[in-house]
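In listed order, ligands and their atoms are each counted from 1. For the numbers below, each heavy atom of this structure counts, side chains included, while hydrogens, waters and symmetry mates do not. Residue numbers run from 1 in the order of the sequence given.
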Amino acid sequence: MKVTEHIEKAKGKALFSFEIIPPQKGKNIQELYDNIDPLMEFNPPFIDVTTSREEFVYIERDGLFDRKITRMRPGTVGICAALKHKYNVDTIPHVLCGGFTKEETEYMLVDCQYLGIENVMALRGDAMKHQRYFEPTDGGHTFATGLVKQIRNMCEGKYLHETIEKADDFNFCIGVAGYPEKHLEAPSLDFDLNKLKEKVDAGADYIVTQMFFDNSKFFAFVEKARSAGINVPIIPGIKPIAVKKHLQLLPQVFKIDLPENLVNAVDACKNNKEVRQVGIEWCIEQSKELKEAGVPLLHYYSMGKSDNIKAIASELF
Ligand SMILES: Cc1cc2nc3c(=O)[nH]c(=O)nc-3n(C[C@H](O)[C@H](O)[C@H](O)COP(=O)(O)OP(=O)(O)OC[C@H]3O[C@@H](n4cnc5c(N)ncnc54)[C@H](O)[C@@H]3O)c2cc1C
């Protein structure tokens with residue numbers, strides 16, 4: 001079922017969903033299952049599976065280094081198929097501009113169609129590790145809007161190099177990213193909202209936000225988005241702080257603010273076990289307030305570990 005259909009069917013009751021990352025190449029999928037199993041009792045209508053950017057690796061040969069390109073966590077569509085089969089749940093692959101040509105994207109979407117995957121999340125992707133700014137891949141899209149348009153066109157039978165008159169009737173439900181504290185490269189929140197509106201006008205059906213720790217930022221963002229004419233569901237994406245290092249890492253990587261009370265509470269922790277508990281408690285309070293405000297769904301960034309998400313979900317769903 002499509003995300004928008006799940007939301008409609010829930011008739012105002014907030015739903016629970018989460019995002020996982022594929023295992024590192026060479027690792028067994030069992031660890032992933034072990035982390036997903038405890039979350040299935042909360043009836044997620046769908047699970048998101050991220051896609052990782054490719055990276056450069058340097059391989060030594062006879063004293064010289066060869067630069068090769070590799071993807072450390074491949075298998076997004078395969079994992080979507082495996083989870084769909086094992087848990088009978090909708091799965092949502094993240095489709096990226098960066099690292100993929102438009103043709104590769106088309107083939108991935110065809111795979112999704114055959115697998116009965118009805119939703120995709122269309123994202124630009126971040127810059128590669130060695131890059132300061134995102135550089136589009138040769139033959140790929142520069143912004144997520146282009147990707148949304150490609151997916152929408154494909155649903156109408158307009159493939160990249162041919163139009164198929166009587167293409168089979170399928171229609172992806174498309175999610176895109178939104179940033180309550182603006183995207184790190186955007187010059188202003190209004191600019192970023194205009195770009196978000198372009199993604200929706202190009203055919204996106206719903207928005208999932210970047211993580212935030214201060215609900216007032218999310219509420220203000222939703223208000224601004226509605227005034228800008230963005231009328232699709234806006235799903236808050238949230239994450240419990242799990243280690244002390246997050247105090248520096250999250251603002252650095254995502255350019256988000258952490259509220260002073262949270263910073264002080266984490267800072268006072270003697271070890272990461274205590275930090276994990278503070279993160280859980282903060283996230284429960286955040287989730288309760290969001291739920292009361294009537295959000296359609298709470299989407300959790302699990303980063304592959306589920307004990308804290310289970311503790312949070314047990315209080316809410
Ligand atoms: C819910 C969620 C899931 C994610 N999943 C993944 C994942 O699986 N893998 C991964 O690598 N990353 C993921 N990301 C991170 C995401 O790829 C990065 O945040 C990326 O830097 C931006 O992606 P986007 O789709 O928002 O880009 P875009 O919407 O293309 O925006 C990127 C920037 O360009 C600006 N912009 C957009 N259009 C234009 C235009 N026409 N002209 C000028 N500027 C423009 C925007 O304001 C913004 O600053 C995820 C993020 C979120 C919120």
Considering only N or O atoms, set out every pair between ligand 1 and the protein closer than 3.5 Å, with distances to one decimal place.
unit_1: ligand 1; atom_1: 5 (N); unit_2: His94; atom_2: ND1; d: 3.0
unit_1: ligand 1; atom_1: 8 (O); unit_2: Thr51; atom_2: N; d: 3.1
unit_1: ligand 1; atom_1: 8 (O); unit_2: Thr51; atom_2: O; d: 3.4
unit_1: ligand 1; atom_1: 8 (O); unit_2: His94; atom_2: ND1; d: 2.8
unit_1: ligand 1; atom_1: 9 (N); unit_2: Thr51; atom_2: O; d: 2.7
unit_1: ligand 1; atom_1: 17 (O); unit_2: Gly125; atom_2: N; d: 2.9
unit_1: ligand 1; atom_1: 19 (O); unit_2: Tyr179; atom_2: OH; d: 2.7
unit_1: ligand 1; atom_1: 21 (O); unit_2: Arg124; atom_2: NH2; d: 3.1
unit_1: ligand 1; atom_1: 21 (O); unit_2: Asp126; atom_2: OD1; d: 2.7
unit_1: ligand 1; atom_1: 21 (O); unit_2: His183; atom_2: NE2; d: 2.8
unit_1: ligand 1; atom_1: 23 (O); unit_2: Tyr179; atom_2: OH; d: 3.4
unit_1: ligand 1; atom_1: 25 (O); unit_2: Arg124; atom_2: N; d: 2.8
unit_1: ligand 1; atom_1: 26 (O); unit_2: Tyr179; atom_2: OH; d: 2.7
unit_1: ligand 1; atom_1: 26 (O); unit_2: Lys199; atom_2: NZ; d: 3.4
unit_1: ligand 1; atom_1: 29 (O); unit_2: Lys199; atom_2: NZ; d: 2.7
unit_1: ligand 1; atom_1: 30 (O); unit_2: Ala144; atom_2: N; d: 2.9
unit_1: ligand 1; atom_1: 47 (O); unit_2: Asp192; atom_2: OD1; d: 2.6
unit_1: ligand 1; atom_1: 49 (O); unit_2: His183; atom_2: ND1; d: 2.7
unit_1: ligand 1; atom_1: 49 (O); unit_2: Ala186; atom_2: N; d: 3.4

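Counting only distance, with no hydrogens or angles, the side chain of Arg152 and the backbone of Ala204 share no donor-acceptor pair below 3.5 Å. Side chain of Asp66 to backbone of Ile59: no donor-acceptor contact under 3.5 angstrom is found.
Annotation: Phe16 is in aromatic contact with Tyr300 [ring centroid separation under 6.0 Å].
In this structure, a donor-acceptor pair under 3.5 Å is absent between the side chains of Glu198 and Asn194. If you check the side chains of Asp190 and Ser188, you find no donor sitting under 3.5 Å from an acceptor.
Each of Thr91, Thr51, Asp48 was checked for a side-chain hydrogen bond (donor to acceptor under 3.5 Å, both in side chains) with Thr76, and the lone residue meeting it is Thr51.
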